[in-house]
Amino acid sequence: MSLSVKHLLGIKELQQQDIEQIFQTADNFKQVLQRSIRKVPALRDTTIVNLFFENSTRTRISFELAEKRLSADTVNFSSSGSSVSKGETLIDTVKNILSMKVDMIVMRHSASGAPWFLAKHVDASIINAGDGTNEHPTQALLDAYSIREQLGSLKGKRVTIIGDIMHSRVALSNIFCLSKLGAEVTVSGPPTLIPKHIQDLGVRVEYDVKKALEWCDVANVLRIQLERQHKPLFSTLREYAIYYGVNKQMLESLQRDIIIMHPGPINRGVEINSDVADSKHSIILNQVENGVAIRMAVIYLLSGKRDLVD
Ligand code: CP
């Protein structure tokens with residue numbers, strides 16, 4: 001019961017067996033979360049610090065809940081209001097926190113590669129909660145787990161990822177995770193938001209969103225990451241919504257049901273309309289629910305604890 005890695009930095013470094021083990025462990029924790037007492041004592045002697053240098057709603061709350069459900073002691077750190085604003089470096093911040101006897105670090109940072117940098121300098125296990133435009137491994141794990149829950153297996157399933165592929169760490173981690181589990185992946189969106197040579201990762205590119213939806217079993221719709229775009233990459237949000245937004249009319253024209261996902265936060269009326277986000281096709285809130293069990297599984301497996309979780 002352990003992973004082949006000491007840290008969860010990216011899906012790229014995981015073996016398929018690691019992912020399967022995380023899913024099986026998450027299955028157990030999902031059962032725990034449905035009990036009247038939604039807690040196990042597995043990590044009662046473990047201290048985890050959540051270091052968030054970038055905004056978050058879902059990931060941050062989900063990690064904190066996962067840690068509390070495992071009985072870990074948790075400490076939350078936000079860069080706003082900290083001594084980072086006085087010029088303290090990442091390494092100094094982390095070394096000071098670790099000197100207070102912390103076992104594990106969950107980190108979100110706007111710089112791609114920040115968790116790898118940190119892993120070279122500290123002994124504690126590090127979980128990447130999203131680094132720049134690079135990876136968001138627990139999001140990809142909970143996305144794939146949610147598809148598995150709906151369709152039984154990922155093998156041979158067709159998943160289209162639609163939107164701002166260029167700036168999305170969710171897209172890259174999903175491509176790695178889905179491919180390792182045997183799914184086929186297409187990326188779709190405006191040419192300016194799809195990286196050149198992305199086919200080298202083994203994915204198809206389809207610029208016509210309607211055709212991409214016709215091809216797939218599952219569509220994972222992504223937000224336009226305006227905060228990461230330093231020059232205009234499409235005319236207006238209204239034009240984007242008209243050509244690339246997913247709406248009810250599009251889904252009805254497919255003549256079969258597909259599953260709709262979104263990692264959040266949603267920009268309603270831009271990449272997805274409310275009549276799709278809130279429809280029976282959508283598993284968006286199931287993704288959020290599954291995130292807690294997946295993060296419990298990741299933390300538990302990285303902790304190296306051998307307590308029975310029954
Ligand atoms: N999906 C996701 O990472 O959402 P947050 O930015 O709210 O954590």
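Every heavy atom of this structure was used, including side-chain atoms; hydrogens, water molecules and symmetry mates were not. Positions are given from 1 along the sequence. Whatever order the structure lists them in is the order used to number ligands and atoms, beginning at 1.
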> Given side chains that start at C-beta, do those of E13 and H7 come closer than 4.5 Å, heavy atoms only?
Replying inline: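 Counting from C-beta outward, E13 and H7 never come under 4.5 Å.
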> Do the ring planes of F77 and F53 sit parallel (below 30°), tilted (30 to 60°) or perpendicular (above 60°)?
Replying inline: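 Geometry flag for F53 against F77: tilted rings.
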> Near ligand 1, which residues have a heavy atom under 4.0 Å away from one of its atoms?
Replying inline: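 Ligand 1 is contacted, at a heavy-atom distance under 4.0 Å, by S56, T57, R58, T59, R108, H136, Q139, P263, G264.
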> Is it true that R60 and E64 make a salt bridge, defined as a side-chain N closer than 4.0 Å to a carboxylate O?
Replying inline: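 Looking at R60 and E64, the cut-off is not met.
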> Would you call K248 and D278 a salt bridge, taking side-chain N to carboxylate O under 4.0 Å as the test?
Replying inline: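 Looking at K248 and D278, the cut-off is not met.
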For residues 188-196, dump all side-chain donor-acceptor pairs below 3.5 Å to protein atoms at least two apart in sequence or in another chain.
unit_1, atom_1, unit_2, atom_2, d
S188, OG, E206, O, 2.6
T192, OG1, L233, O, 2.5

> Does the ring centre of F234 sit less than 6.0 Å away from the ring centre of Y243?
Replying inline: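 Aromatic pair excluded; centres sit 6.0 Å or further apart.
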